[in-house]
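Below: the structure, in C-alpha cells.
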2 protein chains.
Amino acid sequence: MYTVNDIMNTQFKKGVLELCVLVLLDRKDCYGYEMVEEISRNIFISEGTIYPLLKRLKTESLVISYLKESQDGPPRKYYQITELGKEKKEKLVAEWNEFAMGVNNLLYNINNADMEGNGDE
Amino acid sequence: MYTVNDIMNTQFKKGVLELCVLVLLDRKDCYGYEMVEEISRNIFISEGTIYPLLKRLKTESLVISYLKESQDGPPRKYYQITELGKEKKEKLVAEWNEFAMGVNNLLYNINNADMEGNGDE
DNA sequence: CAAGGTACCATATATTGCAAGGTACCATTT
DNA sequence: AAATGGTACCTTGCAATATATGGTACCTTG
C-alpha cells in the first residue's frame, strides 16, 4: 500500500501535510482515503494522520465537505477547497519554498551574510 | 539579530534543526550561541531551541563538548561531532533530500505512479 | 456467512520548537 | 563604582502535529 519507505523522518512532515492536502484539493475534490494514496506515492503518510488534519482544515474553513455514494465501499466524504483555503495554500507554498531554500543554503554552505547589506533590525 | 522573518511555519522545522546543527559541526567545532547566529541567517531559530537540542545530541553520543575561555563574555561550550554523529548526519541529509524531493513532486504534480511498475506490497 | 478491501473516525502518546525567565561574564559609559 | 548592553549558558511549561491503535460500517467474492 505505502510505496515510500517508512523510515523517513517523521518530524520532517510536521506542517507539510497540510500543504500537500491543500495542493491536492486545489487540483480536484478528493476524499480522505484517496489523498492518503496520492500523498503516499511521494512521502509516507499514515491513515491516522489525515482525518484529524481534515477535521482541523474544516474547522478553520479552509475546506468544505460533502458525501457521495460509492460502489466500492461506504460513502465517501469529498473535500473541496475554499477561497480561504486557496489563500492559505499560496502562503504555505511560499513559506515552504523559502524554508527549503534556507535549509539547502545551510547544507551547501551558501553563506548569504554578505547578501543582506541592509541592517534590517 | 534574527535576519529571517519569524512568521515561518514553526512546524516545518521539526527535525531539520538537528540536521542543520550536525552539518555545521561537520565543518568546524561551534558553540551554541554561534550556531544560533549561523542558522538564523537562513531559517529562524530561537535560542531556547538549541540548548535542549545540543543536550540531546550529547546524550545520544552524536557530539562531545569542551569548554574554552572567551574575551567577549563567559566561557564557551564548544561542540564537536563524533563518528556516530557523522553517520547520523549523512543519513539525515539523505532523508532530507528524499523528503524535499517528495514534497516538490507533490507540489509540481509529478505523478510517479507509472514509474513504479512493480507491485511491491 | 466469513474474509478482505474500502472508507470513515477518535483517543492517547511522543517529539520537538518556542517563549519566558533566569544566571553570569565582560566592556563601556556615566 | 554603578548601570547598561552584549555575549553565553541553561531550564521549565506550552503548543502543534504525526502516528499507533482500535473501532465502525459498506461492499464483493468465495
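Letters A, B, ... mirror the listed sequences (proteins, then strands); counts begin at 1.
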Taking the nucleotide of DNA chain D with the nearest heavy atom to each, does P74(B) or P52(B) sit closer to the 5' end?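 Upstream on the strand: P74(B).
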Need to verify one output field. Residue with the more 5' nearest nucleotide on DNA chain D, G15(A) or P75(A)?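 Upstream on the strand: G15(A).
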5'-most by nearest nucleotide on DNA chain C - G73(A) or E18(B):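 The residue mapped nearer the 5' terminus is G73(A).
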So [X], base contact, sugar-phosphate only, or nothing? Heavy-atom distance under 4.0 Å.
X	answer
K14(A)	base
Q71(B)	sugar-phosphate
L17(A)	sugar-phosphate
G32(A)	sugar-phosphate

Between [N] ([atom2]) and [X] ([atom1]): distance, integer Å:
X	N	atom1	atom2	answer
M35(B)	dC9(D)	CE	C1'	12 Å
Y31(A)	dT6(C)	OH	C1'	8 Å
E95(B)	dA18(D)	CD	C1'	15 Å
I50(A)	dT17(D)	CD1	P	14 Å
Q11(B)	dT15(C)	CD	P	16 Å
E69(B)	dC25(C)	CD	P	11 Å
E34(B)	dT7(D)	CD	C1'	12 Å
Y51(B)	dT12(D)	OH	P	16 Å

[N] OP1/OP2 closer than 4.0 Å to side-chain N/O of [X]:
X	N	value
K55(B)	dT11(D)	yes
T49(B)	dC18(C)	yes
R56(B)	dT16(C)	yes
T10(A)	dA18(D)	no
K13(B)	dC18(C)	yes
Y33(B)	dT7(D)	yes

Closer than 3.5 angstrom, by distance alone: can the side chain of T82(B) be matched with the main-chain N or O of S61(B) as a donor-acceptor pair?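 Yes.
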Tell me whether N104(B) contacts the main-chain N or O of A100(B) through its side chain, where contact means a donor paired with an acceptor under 3.5 Å.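 Yes.
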Is there a Watson-Crick or G-U wobble partner for dT17(D) with both distances under 3.5 Å, and which nucleotide is it?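 dT17(D) is paired, partner dA14(C).
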dC27(D): pairing nucleotide in any strand, Watson-Crick or G-U under 3.5 angstrom: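 Pairing partner: dG4(C).
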Ring geometry between Y78(A) and Y66(A) (parallel below 30°, tilted from 30 to 60°, perpendicular above 60°):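 Y66(A) and Y78(A): parallel rings.
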Indicate yes or no: at least one non-hydrogen side-chain atom of L106(A) is less than 4.5 angstrom from one of V23(B).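 Not in contact.
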Between the base of dC18(C) and the side chain of E47(B), is there a donor and acceptor pair under 3.5 angstrom?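 Check fails, no donor-acceptor contact within cut-off.
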Given side-chain contact (heavy atoms from CB on, under 4.5 Å), test Y79(A) with L57(A) step by step and report yes or no. CA-CA 10 Å; Y79(A) 290 86; L57(A) 295 182; over 6 Å; no
Do E34(B) and K28(B) sit within salt-bridge range, that is, some charged N less than 4.0 Å from a carboxylate O?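 So E34(B) pairs with K28(B) through a salt bridge.
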